[in-house]
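For reference, the structure discussed in these notes is given below.
Chain identifiers are assigned alphabetically (A, B, ...) following the order of the sequence lines, protein sequences preceding nucleic acid strands; residue numbering begins at 1 within each chain. Reckoned from all heavy atoms, side chains included, excluding hydrogens, waters and symmetry mates.
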Amino acid sequence: MFDKILIANRGEIALRVLRAARELGIQTVAVHSTADADAMHVKLADESVCIGPPPAKDSYLNIPAIVAACEITGAEAVHPGYGFLSENAKFAEILKSHNIKFIGPSVENIRTMGDKIEAKRTAKELGIPIVPGSEGGVHDIATARKVGKDIGYPVIIKATAGGGGRGMKVANSEAELELAVSTAQSEAKAAFGNGEVYIEKYLEKPRHIEIQILGDGQGRAIHLGERDCSLQRRHQKIWEEAHSPALNAKQRDEIGARVSNAMAKMSYEGVGTIEFLFENNEFYFIEMNTRLQVEHPVTEAITGLDLVQEQIRVAAGAALAYKQSDIQFSGHAIECRINAENPLTFIPSPGKVNDVHFPGGLGVRVDSALYSGYRIPPYYDSLIGKLIVFGKSRAECMMRLRRSLSEFVVDGVETTIPLFQKLLAEPDILDGHYDIHWLEKYLARTKM
Amino acid sequence: MFDKILIANRGEIALRVLRAARELGIQTVAVHSTADADAMHVKLADESVCIGPPPAKDSYLNIPAIVAACEITGAEAVHPGYGFLSENAKFAEILKSHNIKFIGPSVENIRTMGDKIEAKRTAKELGIPIVPGSEGGVHDIATARKVGKDIGYPVIIKATAGGGGRGMKVANSEAELELAVSTAQSEAKAAFGNGEVYIEKYLEKPRHIEIQILGDGQGRAIHLGERDCSLQRRHQKIWEEAHSPALNAKQRDEIGARVSNAMAKMSYEGVGTIEFLFENNEFYFIEMNTRLQVEHPVTEAITGLDLVQEQIRVAAGAALAYKQSDIQFSGHAIECRINAENPLTFIPSPGKVNDVHFPGGLGVRVDSALYSGYRIPPYYDSLIGKLIVFGKSRAECMMRLRRSLSEFVVDGVETTIPLFQKLLAEPDILDGHYDIHWLEKYLARTKM
Amino acid sequence: MPVKKKSAASEPKESAELSLIRKLAAILDETGLTEIELDHKGARVRVSKSVQMASMVHSAPTIQHSAPALVVAGSQVATEEISGTPLKSPMVGTAYLSPSPELPAFAALGSMVKEGQTVLIIEAMKTMNQIAAPKSGKLVKVNIKNAQPVEYGEVLMVIQ
Amino acid sequence: MPVKKKSAASEPKESAELSLIRKLAAILDETGLTEIELDHKGARVRVSKSVQMASMVHSAPTIQHSAPALVVAGSQVATEEISGTPLKSPMVGTAYLSPSPELPAFAALGSMVKEGQTVLIIEAMKTMNQIAAPKSGKLVKVNIKNAQPVEYGEVLMVIQ
């Protein structure tokens, strides 16, 4: 096991990693920008090193500074948290060349999964379901009809050279196909100078469901069930739960087995998440995150595993301590991301936090680096804490969530706590009936 | 289910009950003395009623005031917490006569188990192991020898009329018996004017192990495993854990089954605890607490049940929702009682709390009614919070405890947090090798 | 205490107490003291002067952001400053201003009451408790309505 | 009670009590006490004086009670006030005061340095980074030892 690790991150996740390390008896080094000199992870770490000025590119993304911080402190390994350098293959490579262990997967795995096209190709090869569609460009209507028949309607016609919604047309049936293809082709030609289009299955109301996996880089991998992260605003998740209200045990086992087999074949090391869209009981691969996820605590709640400790263990060379059959799911967990933002406009609200009071009691976990008197710097993202609530059932979990939100005090800045309190009054949320568009529609509807 | 309950207590347990009620969708009424007008449970309750001046006898023990508070608020039931009126049969009786439900066992059960002699007799009748000894007084050495042979040495000779250690003698073998009996007899005669003595098995280094039970008052009862509460100072528990480091699954099942059978026979309703001394793998009944226990959260941690919610459910007439086979134990939990006391002298330290920061993260629960700026009144006990830590194993639990104690900040008053930090450095604690005398000896040893 | 803040030139008619207060106030200013309490021949006088505390320690946190604790009776709200002797509720219960709905109040607002005279009843645990006036005087304030729940320590009436 | 330090302007007519208060006030000042209460021949006097509260708002909570965060380099400690232009570390690394152990320092304490002149080297990621004097002047302070780890923003030297 490592004697000392460096935490190349800030905020709640730096604290999360610090806690895991401390519980493993590992010394911690915090790095921080000048703006974060008073941050909780800096106060609690065994050692700390200021690595640069406030802008992330000069501090938390500053690879030479972080490597130098390892050198002067003698840290043997780096935990990158999420965001910042956590999926940066170059960073992993440089650490390797300096004989510092990157706590995460291999450089190759990061690189493969970091490239969208390569990731999709790899996923397909490894048996992970992807969005069905034409193989490459479609040039004539006969081919288009054949594809449509194969994959089923509705379909979406997209420009090969495209992006940003232009050159995209939906066909709900074969009757609409010809017009849709020709329109898409001419729009594509006009917009990108290239009229080539391809066809994919069109998902109308998908959920975002992701599978948590854990591998040891030695050919063993297991899955830890799914998380439903469909409640998103501008592609930012705000509420995650495990299990998904939409999945049953059989579906979970099936997709989980597929994904963990794929990861075993890749010799994937550490934790990772395969993100899917889910509609009509089918999974469609979106991307893989080769790192710890913000929402990992809901998986910890229903499995009892400490994902960060497991990450560190396999990084130190240990084989996976669990077989798939060792993993028992129990209860239900929900995470709410508490952001320092106006709950209606979502305008960030940095500044001094006069008073903080965290909810407590049975089934309540708070991951937050806030403290009374802390000043939230304006340079980084607005996530200031996560409230994770566990219950025997989803219903108990929701009641506990309502109770703990009512105890959560952050005085001095605006937070998204009131949004979650409002969501708990929505029948769709109570019933688990939501898709990836639900929150945006809700916000538009309640804006008045 | 009740619509509204009144919480006849204060401090962390009032908050604990409030949380459970809120999660069940039940309205809460807080009662408080004038000294507690700013208390957390008062701030969070749906309604609050000031019932008297600071002295407990005039407020929290003031039965007419509490009944009147029920009347003016329309509360249908009263949760008594622990301490105060929680084991007061008269209170339960008066509530009953006012058609207010006492959340707890029947008046008869409270009364029976509240009388030490009656409790021991009942326990024996119901098959709960008690300390073996002579039946009544022993008047001659021949009888004493026979008793000694039956129960095994060492034995203790106690004055029937006695108390406070006078007239007590230990005999380690039959050779010592005659002198011990005659000395005890003459001491007893001198001290109490009555030379009658009786003989009991003498326990030298017992542990305090207690079994949590839950019954529905309809003839069903289950046990929820044991707690080891051997670490005590002046008979005050300060550290409780589940499971006990000294018990195996077979022993747990055996004693648990005995106790839950006994409770079923009594038609016991709600939660209760049977306390035992445990030595050489034998259990010896001490007493029964017919109420919620301070240390109930460690049981909640390893069973996943919310004991207060279960209490309220059965009080509202529901049958037990669990069979014994539904109860699965997992992991290990430890509770530390955080008192506002000097950690060396244990002198209470009431006063203003400038800043409070609770530890968070995976496996950490804090039950506390403290908040920044709160003034701890000098009128009540010094328990200001409980830190409950859960881990997959005892080792993980201990590491997590160490980590979370280091994050716990209570600024402005002295607390016992440093004591727990010191205890975590003791090999006996790490190994679970302690009995009910361990802490007193440790404190005497480290006083210098 | 009926102190009116007079102009600098104190009239000769001023009572001994007021004069004493002035003197004490002057001593406060002079000495920088913040409080003086004096028992003098049965008269007790306390004068004090607040310091401009700039410190704003956040004494009471805003715990109540979601569910404000509704105190059952509106005691806090009702305590406007009317000087006199307050009659504080000695118990929790339901207060009645008259012996029965048809009968007039024990004591009408503005009427004179005698020390020991029953001025209201508080019902608790089916028992009617007669509450007596703490002193003789004029009933200048009644903070409660008939059949209103009251809590311990709540100011029910004020007698002048 | 041994009271000295009278206030000059005390009128002879002043009552015994007022005079006593003045005396007590003087004692407060003299002794630094904040309150005195005195029962004297049936008269009870209490005087008190608030301390100038320096407002001690807990800005930075005492999170570090167990494991104090040891900053790697002793920058905070070393910054005594010496006026001049500070040379702050532009990077994290190990600072060297001379090109190699056998050679003399790039710039000796008390010597004159020129703007742009290399005054130390910081090694980071096996690279030796030459650090130049930010201005010409006298090197009046060197906060680091040879081969000491330094962090970003740390004041390494001061030039006057």
Side-chain angles (χ1 to χ4, degrees), chain A residues 12 15-16 18-25 40 43-44 296-297 300-301 304-309 321 328 330-331 354-373 385-392 395-404 406-407 409 411, chain B residues 12 15-16 18-25 40 43-44 296-297 300-301 304-309 321 328 330-331 354-373 385-392 395-404 406-407 409 411:
Chain A
E12 70 87 19
L15 181 60
R16 170 70 189 90
L18 183 145
R19 285 168 168 165
R22 184 151 290 175
E23 292 175 11
L24 289 171
M40 182 77 113
K43 288 178 189 287
L44 288 174
H296 75 277
E300 295 183 324
L305 292 199
D306 185 320
L307 290 189
V308 183
Q309 290 193 11
Q328 303 277 344
S330 77
N354 299 322
D355 193 44
V356 175
H357 192 86
F358 295 146
L362 179 59
V364 176
R365 166 178 175 183
V366 176
D367 276 28
S368 172
L370 280 193
Y371 57 84
S372 299
K386 304 184 307 200
L387 171 62
I388 304 102
V389 168
F390 176 79
K392 287 192 294 298
E396 184 177 291
C397 192
M398 300 286 269
M399 291 301 278
R400 191 157 285 155
L401 180 57
R402 187 193 308 261
R403 183 276 284 177
S404 34
S406 78
E407 294 178 14
V409 177
D411 179 43
Chain B
E12 71 86 20
L15 182 59
R16 171 70 190 91
L18 182 144
R19 286 169 168 164
R22 183 151 290 174
E23 292 175 11
L24 290 170
M40 181 77 114
K43 288 178 190 286
L44 288 174
H296 74 277
E300 296 183 323
L305 293 198
D306 184 320
L307 290 188
V308 182
Q309 289 194 11
Q328 302 278 343
S330 77
N354 300 321
D355 193 44
V356 175
H357 192 87
F358 295 148
L362 178 60
V364 175
R365 166 178 175 183
V366 176
D367 276 30
S368 171
L370 280 193
Y371 58 83
S372 298
K386 305 185 305 201
L387 171 62
I388 304 101
V389 169
F390 176 78
K392 288 189 295 298
E396 183 177 292
C397 193
M398 299 287 269
M399 289 302 277
R400 190 158 285 155
L401 180 56
R402 188 194 306 262
R403 184 274 286 178
S404 37
S406 77
E407 294 177 15
V409 177
D411 180 43

Chain B contact via [X] - which portion, at a heavy-atom distance below 4.5 Å:
X: A/Glu12; value: neither
X: A/Gln328; value: neither
X: A/Leu370; value: backbone
X: A/Leu18; value: neither
X: A/Arg400; value: both

Compare every heavy atom of [Y] with every heavy atom of [X], then report the nearest pair and how far apart it is.
X: A/Arg22; Y: A/Leu44; answer: NH2-O, 2.8 Å
X: A/Asp355; Y: A/Ser372; answer: OD1-OG, 3.5 Å
X: B/Lys392; Y: A/Asp306; answer: NZ-N, 4.2 Å

Can you confirm whether A/Phe390 sits close enough to A/Pro297 that some side-chain heavy atom of one is under 4.5 Å from a side-chain heavy atom of the other?
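No; the side chains remain at least 4.5 Å from each other.
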Winner by heavy-atom pair count (cut-off under 4.5 Å) against chain B, out of A/Val366, A/Val356, A/Leu362: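 Among A/Val366, A/Val356, A/Leu362, the one with the most close pairs to chain B is A/Leu362.
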**Message:** Run the side chain to side chain contact (heavy atoms under 4.5 Å, CB included) test on A/Arg19 and B/Val364 for me, step by step, so that the C-alpha distance in whole Å, both residues' side-chain angles and the decisive distance to 0.1 Å come before the verdict.
**Reply:** CA-CA 11 Å; A/Arg19 285 168 168 165; B/Val364 175; over 6 Å; no
Who among B/Met399, B/Arg402, B/Arg365, B/Glu23 has the most heavy-atom pairs with chain A under 4.5 Å?
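Heavy-atom pair counts peak at B/Glu23.
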ask   = With chain A, which of B/Glu396, B/Arg403, B/Glu300 has the greatest number of heavy-atom pairs at distances under 4.5 Å?
value =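 Ranked by contacts with chain A, first place is B/Arg403.
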Using the rule given for side chain to side chain contact (heavy atoms under 4.5 Å, CB included), can you reason through A/Leu15 versus A/Asp367, listing the C-alpha separation, both sets of side-chain angles and the distance that settles it, and then say yes or no?
CA-CA 8 Å; A/Leu15 181 60; A/Asp367 276 28; over 6 Å; no
